[in-house]
Protein chains: 2
Amino acid sequence: MHDDVSMARSMTVQDGFGAAATHETFPLPPGRTHDICLELHSAILEHRLAPGMKLSEDEVGEIYGASRTVVRAALQALAHSGLVTIARNRGAFVSRPSIREAQEVFEARALIEPRIARLAAEVMKAADLKKLKKHLDAEHAALDSGDMGKALSLSGAFHIAIADIADQQVLSQMVRSLISRSSLIIALYWRRADTTCESHAHHALMKAFSEKDGPGAEEIQKSHIIDLHSGLDLREKKEPSSSLADALKPA
Amino acid sequence: MHDDVSMARSMTVQDGFGAAATHETFPLPPGRTHDICLELHSAILEHRLAPGMKLSEDEVGEIYGASRTVVRAALQALAHSGLVTIARNRGAFVSRPSIREAQEVFEARALIEPRIARLAAEVMKAADLKKLKKHLDAEHAALDSGDMGKALSLSGAFHIAIADIADQQVLSQMVRSLISRSSLIIALYWRRADTTCESHAHHALMKAFSEKDGPGAEEIQKSHIIDLHSGLDLREKKEPSSSLADALKPA
DNA sequence: GCAAATCCGATCGTATACAATTTTTCATCA
DNA sequence: TGATGAAAAATTGTATACGATCGGATTTGC
């Protein structure tokens, strides 16, 4: 009886949960905090904010016309996505992934994304293919117009779109986070001049998708991630001047 | 400290980034917010807080002697880990993972954890084995004393310890999140009476680890996760009393 | 007696104020 | 001139206050 009551209440409470958040970027209810998150998020992904840049609460608040309270919440949310690093009493900064972290992020992508590609291929519908095609077109347009930041951001969006089609919310969330971090990593360590190979891989994926070739898509995606990884310069370089003596002793 | 000043400044900005957060539970600097996060975290993992339970900001604040500001931040942090669900203008609740989400969480674990087990086996050291052994002992102790919540929590800690040994921070972070959610899922959907099989799998893992048998550990871990998954009752059941008529219409 | 509209209490969202800490500035001295 | 240290400025950490919104109890009308 007592159980009945508590049960009935928890049921009421349960309402609205369950499969509540379908592919949301942040587990926050809509509101100003969420808006600012999205704003900063795309700014970072498009490389308009460089890694290491200070994100002062007052400054951000003034820009978006919000008080520190909401800005603070937004920064903490971004910290959970790994895009922002918060140091106590010092504030928030755009994250600077270490070489080590860069390795790990791409290894994780190489583990997760191929699986997602296979799942996506298996459930791919005509409408989905169309959506992906649109992504590719937008990416090309940005590339042609020379807006590299936008192009990179859209390239990431392509990967996320695949995850959404696979309809795996848990993995999709992980991929989102990994791709966001990849953007920072690319900002720091990208060495390759030609970004065209990117599009090539994406087109190959499209082909596999249109043929509902799960294993094929999986394989292509795996190669693609490895290729991206190899496009990074992740050699340990000592700090620009970890010691003055080192810096001025070139041989 | 006699390093040149300009360098010191640029270092200051970078310092604390990079490989900053080594296996941290939350990407927040130490402080009351972090403490409350940990407190609520273990309370949920030990099933002292049931899924669906309301976490009022005022109430939690009073319990831990903190103002709503820090409690709010803690709840939002937990929301990012998926342990708490926040509904706008309604507040925070311990999450109630849907059946769908439960499936996905264990599928994700089956993808990620075996890989981690293999990596861990390959780098396993004597000291690491000892640590794992301690985890097992603690788990047994809790089990014997009948504290199921604690036992379950320690069982999860075992998996996390493996991830830490593998020394893959990115994957480790994901595993942490997945295991936390698994705890909620088990609270909701566990059907099996015997939790002993758990320990059996863990012992089998220990054996593989001690032999540095990477592929073996990978395979055992995969079976283990699948076994856990199969221990859940994830059949769709209609609302306990969506209509009074249904509830009172016996058989 | 029951349904619907309304009112009230509780809780959250946001802004602001103050305290604590860090960073910068600048005067002083070797 | 460069190092040293203290004081000032700026920034974050936390608490509190007020307005907004939601859920439930009461009232009203039929």
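Chain A is the first sequence line, chain B the second, and so forth, proteins listed ahead of strands; every chain is numbered from 1.
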Open item on the list: If I take atom CD from residue B/Gln168 and atom CD1 from residue B/Ile112, how far apart are they, to the nearest 0.5 angstrom?
Closed with: 11.5 Å
Open item on the list: For A/Phe106 and A/His229, take the angle between the two ring planes, folded into 0 to 90°, and tell me which bin it lands in: parallel under 30, tilted 30 to 60, perpendicular over 60.
Closed with: tilted
Task: salt_bridge(B/Glu59, B/Lys54) N-O dist < 4.0 Å - done: no
- [ ] Going 5' to 3' through nucleotides 9-18 of chain C, assign each nucleotide B (protein heavy atom under 4.0 Å from a base atom), S (under 4.0 Å only from sugar-phosphate atoms) or - (no protein heavy atom that close).
- [x] --SBBBBBB-
Task: Heavy atoms of other groups near A/Lys134 NZ, more than 12 under 6.0 Å - done: no
TODO: State, with a plain yes or no, whether a side-chain heavy atom of A/Glu46 is found less than 4.5 Å away from one of A/Asp147.
DONE: no
Open item on the list: By the ring-ring contact (aromatic ring centres under 6.0 Å, His included) test, which pairs, at least two apart or in different chains, include something from residues 40-77 of chain A?
Closed with: A/Phe26-A/His41
- [ ] State, to the nearest 10°, the angle formed by the axis through the first five base pairs of the helix from C/dG1-D/dC30 to C/dA30-D/dT1 and the axis through its last five.
- [x] 10°
Task: Stepwise side chain to side chain contact (heavy atoms under 4.5 Å, CB included) check, B/Leu55 with B/Leu49 - done: CA-CA 9 Å; B/Leu55 298 173; B/Leu49 289 173; 4.2 Å; yes
